[in-house]
Amino acid sequence: MKVSDIINSLDLELLCGQSGIENEITGGYVSDLLSDVMGNAKEGQVWITLQTHKNVMAIASLKDLAAVILVKGFNPDEDTVKQSNQEGVPILRAKENTFEIAGKLFQLL
Amino acid sequence: MHFEFEIEAGDFSKLGFASSQLKTILKQLLGDHKVIRRVVVALYESEVNVVAHAYSGKVIIDINTEKIEIEIDDKGPGIEDIQLAMEEGYSTASEKVREMGFGAGMGLANIKNNSDEFYISSEVGVGTNLKIIAYLK
């Protein structure tokens, strides 16, 4: 499954990092602790979080994650958007909270 | 090959610069090698520690055909009890740092888990020195 597939299936809003929408998805990871993601997320996973600052993109890029989903309609910071575009790691916005969107993504994968 | 980077303490907007540079360099040298993600994670966590706790820091990287050696040397408050600091969940990070999702007390353990050899020494009131070695095999 690709990032573009979950955008359609889960009705997510693509905010930035368009060049990565063909990234292949291997799974998902849910955490708002950056060290936890750094230590435990795996390449190709979609990361669901409420953190909006730039360091989210540094981690997503260093770990080769497929995409980041921001929950509850949150907005990424301006420099977060910039880095998402540079690194080609898409940020997708969900209206749902973490529990709901994680459940839907789990079902889909 | 030898590289050096400065780390600006307290500035979370520049956090990850050295690890991002290292990733680019290693990808050019090694292609898609599994050691890359490990050392990049170890260096990123070390950068977090310097930015969150120290006054200034320096990263020194040496790469040869056998191994990658990274030294992170900071001027800062130092660590009083290294054994305690190594325990997962123990942290002295500020509230501001925690709000960003750092300071969960997993950093040093992450660094150790992503190294083949890991050395830490610290002097209270002076600073902390980390050495990370990963073998290419």
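In what follows, chains are A, B, ... by sequence order, proteins preceding strands, each numbered from 1.
- In terms of hydrophobic clustering, with Ile, Leu, Val, Met, Phe, Trp and Tyr side chains grouped at heavy-atom distances under 4.5 Å, B:F118 and B:L136 are assigned to a common cluster.
- B:N110 contributes no side-chain N or O that, together with a main-chain N or O of A:M38, makes up a donor-acceptor pair within less than 3.5 Å.
- Residue contact with chain B, scored on non-hydrogen atoms closer than 4.5 Å, is absent for A:D77.
- B:I82 and B:L108 fall within a single hydrophobic cluster, where Ile, Leu, Val, Met, Phe, Trp and Tyr are joined by side-chain heavy atoms under 4.5 Å apart, directly or via other members.
- Heavy atoms from other residues, nucleotides or ligands lying under 6.0 Å from CD of B:Q83 number 12 at most.
- When heavy atoms are compared at a cutoff of 4.5 Å, A:T52 does not approach chain B at all.
- With rounding to the nearest 0.5 angstrom, the OG atom of B:S20 is 12.0 Å from the CE atom of A:M57.
- Heavy atoms only, all atoms of each residue included: B:R37 and A:K63 are closest at NE-O, 3.8 Å.
- Here CG of A:L34 is found 4.5 Å from CZ of B:F102. Values are rounded to the nearest 0.5 Å.
- Under a hydrophobic clustering in which Ile, Leu, Val, Met, Phe, Trp and Tyr are joined whenever their side-chain heavy atoms come within less than 4.5 Å, directly or via other members, A:I21 and A:I25 fall into the same cluster.
- Taking CD1 of A:I59 as the start and CG of B:L15 as the end, the distance is 7.5 Å to the nearest 0.5 Å.
- If you chain together hydrophobic residues whose side chains sit under 4.5 Å apart, B:Y135 and B:V39 never meet in one group.
- With a 6.0 Å radius and a threshold of 12 heavy atoms from other residues, nucleotides or ligands, A:F74 has its CZ atom above the threshold.
- Counting heavy-atom pairs under 4.5 Å between each of B:G16, B:S19, B:G101 and chain A puts B:G101 at the top.
- Atom OG of A:S35 sits about 8.5 Å away from atom CD1 of B:I111, to the nearest 0.5 Å.
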**Report entry** Worked check of side-chain contact (heavy atoms from CB on, under 4.5 Å) between B:K23 and A:D64
**Finding:** CA-CA 11 Å; B:K23 187 182 179 188; A:D64 293 317; 2.9 Å; yes
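- Applying the 6.0 Å contact sphere to CG of B:D32 captures no more than 12 heavy atoms from other residues, nucleotides or ligands.
- Summarising the local packing, OH of A:Y29 is surrounded by more than 12 heavy atoms from other residues, nucleotides or ligands at distances under 6.0 Å.
- Using a 4.5 Å cut-off between heavy atoms, A:N55 contacts chain B through both its backbone and its side chain.
- Nearest heavy-atom pair across A:H53 and B:M100 is NE2-O, 2.7 Å.
- For B:S13 against A:K54, the heavy-atom pair with the smallest separation is O-NZ, 2.5 Å.
- Shown here is A:E78, whose CD atom has no more than 12 heavy atoms of other residues, nucleotides or ligands within 6.0 Å.
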